[in-house]
Engineer: 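Attaching a single structure in C-alpha cells format; questions to follow.
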Amino acid sequence: GHTINGISVDNTDKSVFIGSDEDVSNVTVRRLRAINSDYGIRIAGANDVTISGVTITETTDNGAYITSSSDVVIRNSLITNTTSGFSILSATNTTIARTSINNTDAGITAESDTTNLQVTETIIDEARTGISLSPYAYGNVPTNTTIDNTTIRDVNVGVALESRADTTPAYDTLIRDTIITDVQRWSVYTEDDGRIKIEEVNSDYPTNIFSSLTAAGQSIALKIISPS
C-alpha cells in the first residue's frame, strides 16, 4: 500500500493526486493540510482509498474530486472555502463520515452513475446546495444514496435530486435521522419520478419540503419542527 502522512501543501494545482493509467489501490492519506490549490485531493481510477484528518481550504475548484473510483472513505476531515466540497462522478462505494463542509457553493455533488454514496455524521453549512444528486448523461443517474445522522444548515436547498434534459432524477435515495435547518428555499427538492425515502427528518421549513414530488414510489415519514 501507499501512505501519505502529515504534510502541508500550499498553492499548487492539485495538492494530492491519487490515480494513474494503471490501477492504484490501498492508499491512505492522513493529516494533510492543503491551502490555495485548484483541487485539494483528486482521486481518479483508484480503489481502496482512505482519507482521514485532512484540512482543505481556499481551493478554486473542488475540495476533493473523486471519479471512476471505488471504496473511497473520507472521515474526520474539514473542507472550507471551496467552490464544491466534494464532487463525485461515476464512483462506487464512497463514504463521507464525521466531516465538516462549510462556505461552499455545493457541499457534496454526486453525478452520473455514482452508486452507494453514504454520508453520515457530517455537517454541511453555508452552501447554496447542501447535497446535490444529478445526472451527467442520459440514463446515468446516482443510485442508492444514504444520508444519515447529518446536519445541513444555512443553505438555499438542503438536498436536491435534479434532472436534466432527457434524464430522470436520482433514485433509491434514503435520508434518515437528519436535520435540515436555516433553509432559504427547499429543505428537500426532487423533480418528477425522483424516488426517495425519508425517515425522521427535522426541518424548520414545513411548507418547503418538496417541489413537484410525485406519489409513485415514495415512502415519506417526516418529523417537522417549527421555526424558532
Engineer: Less than 4.0 angstrom from a charged side-chain N to a carboxylate O is my criterion; do D125 and R153 meet it?
Structural biologist: yes

Engineer: To the closest 0.5 Å, what do you measure between OG1 (T145) and CD1 (I88)?
Structural biologist: 8.5 Å

Engineer: Under the side chain to side chain donor-acceptor pair (under 3.5 Å) test against D38, which residue among T59, N11, T60 passes?
Structural biologist: T60

Engineer: Please check this pair: side chain of T178 against backbone of R176, looking for a donor-acceptor N/O pair closer than 3.5 Å.
Structural biologist: yes

Engineer: Any donor-acceptor pair under 3.5 Å linking the side-chain atoms of D177 with those of N149?
Structural biologist: no

Engineer: Is a donor from one side chain sitting under 3.5 angstrom from an acceptor on the other, for D10 and N36?
Structural biologist: yes

Engineer: Between F17 and I43, does a side chain to side chain contact (heavy atoms under 4.5 Å, CB included) hold up when you go through it step by step?
Structural biologist: CA-CA 6 Å; F17 176 51; I43 303 170; over 6 Å; no

Engineer: Do N156 and R128 have side-chain atoms, one donor and one acceptor, less than 3.5 Å apart?
Structural biologist: no

Engineer: A side-chain contact here means heavy atoms from C-beta on lying under 4.5 Å apart; do V157 and I131 qualify?
Structural biologist: no

Engineer: Can a donor-acceptor pair be found between the side chains of N47 and S70 at a distance below 3.5 Å?
Structural biologist: yes

Engineer: Under 4.5 Å between any side-chain heavy atoms of L32 and V16, yes or no?
Structural biologist: yes

Engineer: Decide whether E126 and N103 meet the rule of one side-chain donor and one side-chain acceptor closer than 3.5 Å.
Structural biologist: no

